[in-house]
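Contents: one structure, followed by commentary.
Keep in mind it's a predicted model, so treat the numbers as computed, not measured. Letters go in sequence order (proteins before strands), and every chain restarts at 1.
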Amino acid sequence: MRFKRGKPPYLRKRDKAVYMRLDVLIALAPLVAFSCIYYGMRPLYVMLHGIISAMLFDGIGNLFLRRPPGWADGTAAVTGGIIAAVMSPAAPYWMPIAAAAFAIFAIKIPFGGAGRNIFNPAAGGLAFITLCFDGRMFTYPAPNTPIGDITQIVTGESLGSLLRSGAATSFKPADLLIGDFPGPIGTVAIAILLACAVYLLFRRSISVFTLLPFLAVCTGYAVLFPRVGTGWENSVMLELCSGYLLFAGIFIVTDPVTSPKFWLGRIFYGAAGGILVMLMRTAGRFEEGCCFAILILNTFAPAFDRLSWKAIYRTRTYWQRLKGVRK
Amino acid sequence: MALLTRKGLVLPSRIEPAVSQPVVILPADTLRVYLPLSYTGSRARCLLSTNEVVYPGKQIAESADDGQPVMRAHVFGVFAGLRDASHPLYGQLECAAIDCMPSPVSESPAAKNFDKLRPADVLEAAEAAGIIDELDGHYLYRKLEEYRENYCDLVIADGAENQGYASSAWAVMNESVEQIWMGVQLAALALRATAGQINVRLKRNRRRPLARRINNEKAIFQVRRRYPAVKLEKNPWGRRICRIGVQACLALYRAAVYGEMHGSCVVTVSGDAVKSPRNIRAPFGTTAEKLLEICGLKADPVRLLSGDVMTGRAAESDRMLILPGVTCLLALTEEAVPAHGVCCGCGRCVGVCHAGLLPFEIVRRVENMQYEQLASLRPDTCDGCGCCSHVCPAGRELSDQVSSARDTNSRIYSSWEEEDEI
């Protein structure tokens with residue numbers, strides 16, 4: 001009797017990379033659903049435009065790379081979903097399409113496609129839209145006003161612009177938790193965002209070593225350098241809830257492809273991300289500069305991995321030699 | 001901090017039902033066995049002629065290279081000719097085919113006095129019996145001599161099987177833990193070591209009776225549940241460890257006290273294609289086909305493994321021989337290996353690596369031909385446990401590539417400059 005050859009191990013965990021992306025899409029779903037309660041069905045359509053166009057562009061890009069279209073791997077859908085979730089509910093449909101096109105054709109495909117990109121494609125697409133169409137990007141409709149014609153919407157001041165102008169005073173924590181303030185599609189419902197974070201952490205689709213240092217540093221920065229004069233508690237609350245900082249911390253900074261893989265590298269990466277994001281917010285030109293901070297941060301991810309691993313490996317080897325465990 | 005230090009995996013235990021069944025003894029009387037002329041790959045000349053009678057202890061081959069161990073028969077029978085055989089652990093072997101017969105000598109030799117054995121007697125007995133350690137495939141007497149020169153003070157009989165299927169070490173211990181403990185003490189005597197212990201990974205209800213049988217609670221040491229059990233060269237108190245397989249310890253005792261040849265081993269025959277998984281004591285040189293016949297097949301196996309699921313090697317056919325080092329034989333039906341993909345960056349390979357390496361990074365450097373930076377990532381410290389490949393959701397062959405980087409690092413990559421040497 002003849003048998004197949006192969007390479008050990010012959011026992012594999014029944015886990016697939018696509019499940020991680022599916023988890024992200026599952027986490028995005030309640031955010032969009034919640035936005036639909038405030039603004040009608042338009043946030044859903046924006047989201048669908050983002051996801052479908054990103055998948056389409058990814059398929060075309062893969063044809064250029066002479067690969068089969070990678071729709072099934074879920075990376076393009078996640079990119080489109082994240083881009084659309086950061087758009088204003090009143091954004092025209094071409095905006096998520098343009099952002100997705102830039103993300104796929106300029107950020108993802110030139111570096112070799114899924115799994116090989118250096119920069120986060122969603123952050124790249126958002127940076128492009130922020131630079132080119134900042135007016136439309138940061139125009140948010142007032143909540144509880146279903147959007148029909150986007151030229152006749154009732155706009156509201158977002159938390160980010162209030163913080164930037166120094167006009168922010170205090171918001172009720174309950175309003176912040178349920179997202180009863182103007183803001184992007186998927187980033188205002190703080191309670192749901194936190195639930196999504198717990199879900200993704202539980203599913204091990206994102207790393208706690210990146211998320212916690214990121215949020216801790218942002219909190220520390222808000223305490224040390226408050227932009228509101230009503231106490232540090234309000235400063236922390238408003239900074240974390242404004243713009244898409246919390247959303248970026250959960251969905252973009254923790255992107256497994258572009259972030260470090262070693263636990264200590266992830267901690268430093270998250271902490272550095274927190275500093276950069278807060279600097280971009282306070283000193284940058286736009287009310288929200290997370291995407292730029294993340295793009296800068298992505299370039300240092302391999303260095304964080306390597307240097308932190310070397311530090312740990314040297315320390316461990318030193319102690320083992322000292323104890324005589326290793327030759 | 002517990003999250004950071006919990007390396008390795010918890011694998012599903014599939015030792016039942018083989019572990020609950022008594023060991024089946026396969027008598028050599030009616031078998032045809034194939035005895036290798038050399039295990040080490042050195043050239044050897046067969047000293048037997050056709051139809052010549054072979055008996056235990058008779059020299060069957062003469063090595064062309066100096067310093068090679070003498071190959072002796074362990075069965076009674078008639079030489080039938082030479083055959084070539086392929087083995088997943090030893091590679092291509094030239095074997096002497098022997099048709100076994102019942103031994104005309106019925107009574108067993110007189111036992112020597114255990115307490116009067118000297119270190120030199122133990123080493124001589126290990127050499128004469130041709131004992132090979134199942135842990136690493138090395139000759140036991142050579143291993144003992146090496147450790148004796150380098151000073152060792154703790155001997156461990158390693159019976160910790162934590163890959164899922166294998167339960168042969170448990171079966172051997174259940175049969176004769178007293179003799180294994182004596183074998184550990186003999187090895188300690190040969191090494192002039194001060195202490196010994198038996199490492200197991202068993203539940204308390206199986207562990208406690210073993211300790212009671214040898215009247216030494218501390219001698220049975222429970223290793224951690226997670227795979228792989230970390231194998232240290234020294235323990236945290238600086239004691240240098242010599243690790244020997246439990247079957248080799250048993251063979252050492254039998255050789256030193258009764259003068260028996262090391263001629264058989266207990267093999268776990270299991271897997272989802274096997275009808276009734278069992279532990280079988282089979283003579284060396286038996287084919288896997290015979291063992292599968294005893295246990296029966298309920299489905300056509302896709303793969304036959306020599307070894308357990310994590311580190312086992314795939315055999316080409318069921319003509320594979322049972323030789324020292326084979327403690328588990330798995331017949332598997334399902335295709336375990338998923339489709340290969342690109343790295344999804346989850347970092348799970350880093351999380352499980354008990355050697356503290358960055359498997360994804362080593363593989364990336366190999367794929368990108370950045371060999372000059374490879375040495376700094378220390379692929380040489382990988383022990384090939386396979387945890388990284390097991391957890392990879394993209395189905396990448398990380399373990400295989402890191403192992404190949406480790407093996408070729410000194411040969412091919414050394415010509416590149418090592419700028420980042422740690």
Atom [atom1] of [X]: over 12 foreign heavy atoms under 6.0 Å:
{"X": "A/F268", "atom1": "CZ", "result": "no"}
{"X": "B/D300", "atom1": "CG", "result": "no"}
{"X": "B/K275", "atom1": "NZ", "result": "no"}

| message | Taking every non-hydrogen pair under 4.5 Å, which of B/V391, B/V342, B/L358 racks up the most with chain A? | response |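 Top option by heavy-atom pairs under 4.5 Å: B/L358.
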Measuring from atom [atom1] of [X] to atom [atom2] of [Y], what distance do you get when rounded to the nearest 0.5 angstrom?
{"X": "A/R306", "Y": "B/S376", "atom1": "CZ", "atom2": "OG", "result": "5.0 Å"}
{"X": "A/K261", "Y": "B/C343", "atom1": "NZ", "atom2": "SG", "result": "5.5 Å"}
{"X": "B/C346", "Y": "A/R204", "atom1": "SG", "atom2": "CZ", "result": "8.5 Å"}
{"X": "A/K13", "Y": "B/C387", "atom1": "NZ", "atom2": "SG", "result": "10.5 Å"}
{"X": "A/W309", "Y": "B/L357", "atom1": "CH2", "atom2": "CG", "result": "6.0 Å"}

Interface moiety of [X] toward chain A, non-hydrogen atoms closer than 4.5 Å:
{"X": "B/L305", "answer": "side chain"}
{"X": "B/V350", "answer": "side chain"}
{"X": "B/L398", "answer": "neither"}

Q | CA sep, side-chain torsions, deciding dist, call: A/T317, B/R378, side chain to side chain contact (heavy atoms under 4.5 Å, CB included) | A | CA-CA 12 Å; A/T317 313; B/R378 302 303 303 270; 5.7 Å; no
Give the minimum heavy-atom separation between [X] and [Y], together with the two atoms involved.
{"X": "A/R203", "Y": "B/R348", "answer": "O-NH2, 4.2 Å"}
{"X": "B/A355", "Y": "A/Y313", "answer": "O-CE1, 4.1 Å"}
{"X": "A/R12", "Y": "B/R396", "answer": "NH1-O, 3.9 Å"}
{"X": "B/C344", "Y": "A/P256", "answer": "O-CB, 3.6 Å"}

Applying ring-ring contact (aromatic ring centres under 6.0 Å, His included) to A/F247 and not counting sequence neighbours gives A/F251
(Q) Before you tell me yes or no, could you show the steps for B/F360 and A/D305 under side chain to side chain contact (heavy atoms under 4.5 Å, CB included), namely the whole-Å CA-CA distance, both residues' side-chain angles and the distance that decides it to 0.1 Å? (A) CA-CA 11 Å; B/F360 78 95; A/D305 243 348; 3.4 Å; yes
Please tabulate, one pair per line, all N/O donor-acceptor pairs under 3.5 Å involving side-chain atoms of residues 312-319 of chain B, not counting sequence neighbours.
| unit_1 | atom_1 | unit_2 | atom_2 | d |
| --- | --- | --- | --- | --- |
| B/R313 | NH1 | B/P88 | O | 3.2 |
| B/E316 | OE2 | A/R5 | NH1 | 3.0 |
| B/S317 | OG | B/R319 | N | 3.1 |
| B/D318 | OD1 | A/M1 | N | 3.3 |
| B/R319 | NH1 | B/E289 | OE1 | 3.0 |
| B/R319 | NH2 | B/Y34 | OH | 3.4 |

I'd like a table of donor-acceptor pairs (distance under 3.5 Å, sequence neighbours excluded) in which one partner is a side-chain atom from residues 106-121 of chain A, with atom names and distances.
| unit_1 | atom_1 | unit_2 | atom_2 | d |
| --- | --- | --- | --- | --- |
| A/K108 | NZ | A/D58 | OD1 | 3.2 |
| A/K108 | NZ | A/T75 | OG1 | 2.9 |
| A/R116 | NH1 | A/G112 | O | 3.3 |
| A/N117 | ND2 | A/F119 | O | 3.0 |
| A/N120 | OD1 | A/A122 | N | 2.9 |
| A/N120 | OD1 | A/A123 | N | 3.1 |
| A/N120 | ND2 | A/D255 | OD2 | 3.2 |

- prompt: Mind checking which of residues 294-302 of chain A sit less than 4.5 Å from chain B, heavy atom to heavy atom?
  reply: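 None at all.
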